[in-house]
Enquirer: 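Here's a structure for you.
Keep in mind that what you see is a predicted model, and the values were worked out from it rather than measured. The residues of the chain are indexed from 1 along the displayed sequence.
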Amino acid sequence: MENNYKLLYFFIYFLSPLLAGVFTAAQPLSTNSRWIVDESGKRVKLACVNWPSHLDVVVAEGLSKQPADDISEEIRNLGFNCVRLTWPLFLFTNDTLASMSVRQSFKNLGLLESIAGFQINNPSIIDLSLINAYQAVVASLAKKNVMIILDNHTSKPGWCCSNFDGNGFFGDQYFNPDLWIKGLTRVATTFKDTKNVVAMSLRNELRGPRQNVNDWYRYMQKGAEAVHAANPNLLVILSGLKFDRDLSFLVNKPVSLSFSNKLVFELHWYGFSDGQAWETGNPNQVCGQIVNETMRKAGFLLDQGYPLFLSEFGVDMRGNNVNDNRYLNCFMGWAAELDVEWALWALTGSYYIREGIVGHDETYGVYNWNWCDVRNQSILQKISALQYPFKGPGYSEARPHKIIFHAMTGLCIKRLSLLEPLILGPCSEAEAWSYTPQKTLTIKGTYFCLQADELGQPAKLGIICSEPSSKWEAISDSKMHLSSKLQDGTNVCLDIDSDNNVVTNNCKCLDRNSKCDPGTQWFKIIDSTRCVTHNNFLPEIKSVVKLIAKNFLGF
């Protein structure tokens, strides 16, 4: 394993003691208003990764490259506490398919090289039936104490999704509603005694010309009731319409179910969901527009008292996709502010076969093509910030306060002392702020406020907080520029330098320029009730007083 990979593990493990409740949860889970909670009532934040198991071979991807237990352990080591494990409906409704051996499934597709790798890495699985192989992967994840969400991704095995693949909506060629109910019931029953199976996602990305609201209510409510009847311990996760981008129909008509405290809604959001808008448009305007649209179509559910699970988001892990990189900065600010549940797409480094291509490279994958290393550790470090629960039941460790989150890095503003520049650091070490109606940002419990000093210079802390340089307002369409005024009237925005020191610079990208990237200046003021470090200010204050006395009073 390369040193960079070890550094990533160290980064995650350094944070892991501070992610209390993220890695372990007392099952079964339930909901408390917009939160998912364990048996003790403490919040459990889902920080998941998708592990595809619904493609042509009908076997969890990567098992020809690594042992299942090794993959399960690395999932946990990378800070994910759960897996959204996909499955095709026919695996649980077609006995001929279910009873086929893993070896035979590979042979049927001519994947002899994969068989050889599978025999080396997972000899105990290669001759199992497909349905038993799926159960073996679930057992492997459970053994490593990873929570599992079982996601019905398609009906017919294969890559998803298009409007016309026959898998899109109830009544399509491969989507018989009665067969679907039968499959959901069988899956819920099969894993009834597997404690780490905590939820079922009823259907991935409903879509296509048949989709309509009336049938959505009719069948999704039937599916939810069937799952709950078969296994009342499970969370039931419902997706929306239009590739799981639209739940707006729920604004005026909630779901009607016989059970409560088990319902979660899911949403998908990628950069490509809006074409190339992030690259061709001004990022501030695009971010503002799409966040508003996302709140209108799904975010409102949090206010209605339901958990919202971002069951798919992701980016090109090669790091050179402008559209994805800009989208991710906006997404990070939104996801941190709302403190939502999520699942990254995808674990996959490469597929056995995808859309006819053997060994198809997954550029959105956590792993590289060989499944032997992380594809992009900097993106994983950034996303790891979202594994941290900022608030929720059981996390009232401190009185409500604000933290200042930097979306591009996934870090938060912290201070080393009153005399040193503010810097970015892990959000578990974030400074606790108050944000007053007068728009001052004050370190909670003190008189010290954030001030703009000079253009290109570090932001500072001061105690004269009535000046314009101590007022901070979220501006631009993105609402992620924190702007203030220098003494000469110049408008400036919080920024970071190459060493992650917090400075002030001219505000970027406030016009319609699409070539400009405001990422370094995107900050979010977000709510937290997590533990904060209470520093003893007295020695620092004495040092400041001595410094003033020496330099200005002459003694």
Side-chain angles (χ1 to χ4, degrees), residues 50-61 84-100 104-106 108-111 130-131 134 149-188 200-224 226-227 237-247 249 266-268 270 272-273 311-312 345-346 348 351-358 360 362 364:
N50 281 272
W51 191 353
S53 188
H54 65 276
L55 276 74
D56 305 69
V57 182
V58 201
V59 176
E61 301 292 334
R84 182 176 180 249
L85 187 66
T86 67
W87 55 277
L89 179 63
F90 292 173
L91 175 62
F92 287 89
T93 57
N94 184 316
D95 291 339
T96 301
L97 178 65
S99 61
M100 182 187 298
Q104 188 61 50
S105 183
F106 279 108
N108 290 349
L109 293 163
L111 302 176
L130 292 177
I131 198 165
Y134 189 86
I149 296 170
L150 303 177
D151 164 61
N152 176 219
H153 213 70
T154 61
S155 294
K156 181 182 178 183
W159 182 248
C160 178
C161 300
S162 82
N163 277 311
F164 304 101
D165 59 11
N167 289 278
F169 199 71
F170 306 106
D172 280 1
Q173 181 181 1
Y174 304 116
F175 199 170
N176 179 301
D178 294 332
L179 191 65
W180 175 68
I181 296 289
K182 177 182 175 183
L184 292 177
T185 301
R186 185 173 181 187
V187 171
M200 278 182 61
S201 175
L202 300 196
R203 187 69 177 200
N204 177 69
E205 296 196 357
L206 294 166
R207 60 196 180 277
R210 289 180 181 271
Q211 63 182 327
N212 66 87
V213 170
N214 288 337
D215 280 346
W216 187 94
Y217 281 100
R218 178 184 178 187
Y219 293 118
M220 293 299 269
Q221 289 176 167
K222 280 187 177 181
V227 167
I237 305 175
L238 305 187
S239 61
L241 300 174
K242 299 178 182 177
F243 294 85
D244 206 5
R245 290 287 294 144
D246 189 3
L247 289 150
F249 49 88
E266 64 178 311
L267 170 72
H268 291 181
Y270 291 96
F272 58 71
S273 300
S311 59
E312 284 188 28
W345 185 275
T348 334
Y351 298 92
Y352 306 121
I353 185 169
R354 171 181 150 183
E355 299 172 293
I357 300 173
V358 176
H360 192 296
E362 176 55 274
Y364 278 53

Enquirer: Carefully, step by step, assess Asn204 and Thr86 under the rule side chain to side chain contact (heavy atoms under 4.5 Å, CB included).
Expert: CA-CA 9 Å; Asn204 177 69; Thr86 67; over 6 Å; no

Enquirer: With sequence neighbours left out, what residues match Phe164 under ring-ring contact (aromatic ring centres under 6.0 Å, His included)?
Expert: none

Enquirer: Nearest 0.5 Å, what's the CZ-OH distance between Arg203 and Tyr219?
Expert: 13.5 Å

Enquirer: Please name the pair of heavy atoms, one in Trp87 and one in Leu150, separated by the smallest distance, quoted to 0.1 Å.
Expert: NE1-C, 3.6 Å

Enquirer: Please name all residues satisfying ring-ring contact (aromatic ring centres under 6.0 Å, His included) with His54, sequence neighbours left out, ordered by chain then number.
Expert: His153

Enquirer: How are the rings of Phe272 and Tyr270 set to each other: parallel, tilted or perpendicular (split at 30° and 60°)?
Expert: parallel

Enquirer: Kindly write out the residues that satisfy salt bridge (Lys or Arg N to Asp or Glu O under 4.0 Å) with Asp151, not counting sequence neighbours, or none if the list is empty.
Expert: Arg84

Enquirer: Residues in side-chain hydrogen bond (donor to acceptor under 3.5 Å, both in side chains) with Asn176, at least two apart?
Expert: none

Enquirer: Which pair of non-hydrogen atoms, one from Phe90 and one from Pro157, has the smallest distance, and what is that distance?
Expert: CD1-CD, 4.1 Å

Enquirer: Roughly how far, to the nearest 0.5 Å, is the CG atom of Leu85 from the OG atom of Ser201?
Expert: 11.5 Å

Enquirer: Kindly give the heavy-atom pair with the smallest separation between Tyr217 and Phe249, and that separation in Å.
Expert: OH-O, 3.2 Å

Enquirer: Just by distance, do the side chain of Asn167 and the backbone of Ser155 share a donor-acceptor pair under 3.5 Å?
Expert: yes

Enquirer: If you take all heavy atoms of Lys222 and Ile181, which pair is closest and at what distance?
Expert: C-CD1, 3.7 Å

Enquirer: Just to verify, what does Lys156 make a salt bridge (Lys or Arg N to Asp or Glu O under 4.0 Å) with, not counting sequence neighbours?
Expert: none

Enquirer: Asn163: what forms a side-chain hydrogen bond (donor to acceptor under 3.5 Å, both in side chains) with it, not counting sequence neighbours?
Expert: none

Enquirer: With a 4.5 Å heavy-atom cut-off, do Trp216 and Leu238 have their side chains touching?
Expert: yes

Enquirer: Applying side chain to side chain contact (heavy atoms under 4.5 Å, CB included) to Glu312 and Asp244, what does each step give before you reach the verdict?
Expert: CA-CA 9 Å; Glu312 284 188 28; Asp244 206 5; over 6 Å; no

Enquirer: What heavy-atom pair brings Ser239 and Leu247 nearest, and what distance separates the two atoms?
Expert: C-CD2, 4.0 Å

Enquirer: Asp178: what forms a salt bridge (Lys or Arg N to Asp or Glu O under 4.0 Å) with it, not counting sequence neighbours?
Expert: none

Enquirer: For the residue pair Leu130 and Val59, establish whether any side-chain heavy-atom pair is separated by less than 4.5 Å.
Expert: yes

Enquirer: Taking it one step at a time, do Asp95 and Lys182 satisfy salt bridge (charged side-chain N to carboxylate O under 4.0 Å, His left out)?
Expert: CA-CA 13 Å; Asp95 291 339; Lys182 177 182 175 183; over 6 Å; no

Enquirer: Can you name the residues that form a salt bridge (Lys or Arg N to Asp or Glu O under 4.0 Å) with Asp56, not counting sequence neighbours?
Expert: none

Enquirer: Which pairs, with at least one residue in residues 157-172 and sequence neighbours excluded, count as a salt bridge (Lys or Arg N to Asp or Glu O under 4.0 Å)?
Expert: Asp165-Arg207, Asp172-Arg210

Enquirer: Could I get the full list of side-chain hydrogen bond (donor to acceptor under 3.5 Å, both in side chains) partners for Gln104, not counting sequence neighbours?
Expert: Asn108

Enquirer: From Leu241 CG over to Gln211 CD, what is the distance, rounded to the nearest 0.5 angstrom?
Expert: 5.0 Å

Enquirer: Any donor-acceptor pair under 3.5 Å linking the side-chain atoms of Ser311 with those of Glu266?
Expert: yes

Enquirer: Show your reasoning for whether side chain to side chain contact (heavy atoms under 4.5 Å, CB included) applies to Leu55 and His360.
Expert: CA-CA 12 Å; Leu55 276 74; His360 192 296; over 6 Å; no

Enquirer: Taking only residues two or more places apart in sequence, or in another chain, which ones meet Phe106 in a ring-ring contact (aromatic ring centres under 6.0 Å, His included)?
Expert: Phe118, Tyr352

Enquirer: Could you tell me if the side chain of Thr93 sits less than 4.5 Å from the side chain of Trp180, heavy atoms only?
Expert: no

Enquirer: If the condition is ring-ring contact (aromatic ring centres under 6.0 Å, His included), which residues does Tyr351 pass it with, not counting sequence neighbours?
Expert: Trp159

Enquirer: For Glu61 and Glu362, run side chain to side chain contact (heavy atoms under 4.5 Å, CB included): C-alpha distance rounded to whole Å, both residues' side-chain angles, the deciding distance at 0.1 Å, then the answer.
Expert: CA-CA 11 Å; Glu61 301 292 334; Glu362 176 55 274; over 6 Å; no

Enquirer: Would you name the heavy atoms of Leu184 and Gly223 that are closest together and state the gap between them?
Expert: CD1-CA, 3.9 Å

Enquirer: Would you say Thr154's side chain and Pro88's backbone share a donor-acceptor pair under 3.5 angstrom?
Expert: no

Enquirer: Please work out which of the three classes, parallel, tilted or perpendicular, describes the rings of Phe170 and Phe175, given edges at 30° and 60°.
Expert: tilted

Enquirer: Working to the nearest 0.5 Å, report the span between CG of Leu91 and OH of Tyr134.
Expert: 8.0 Å

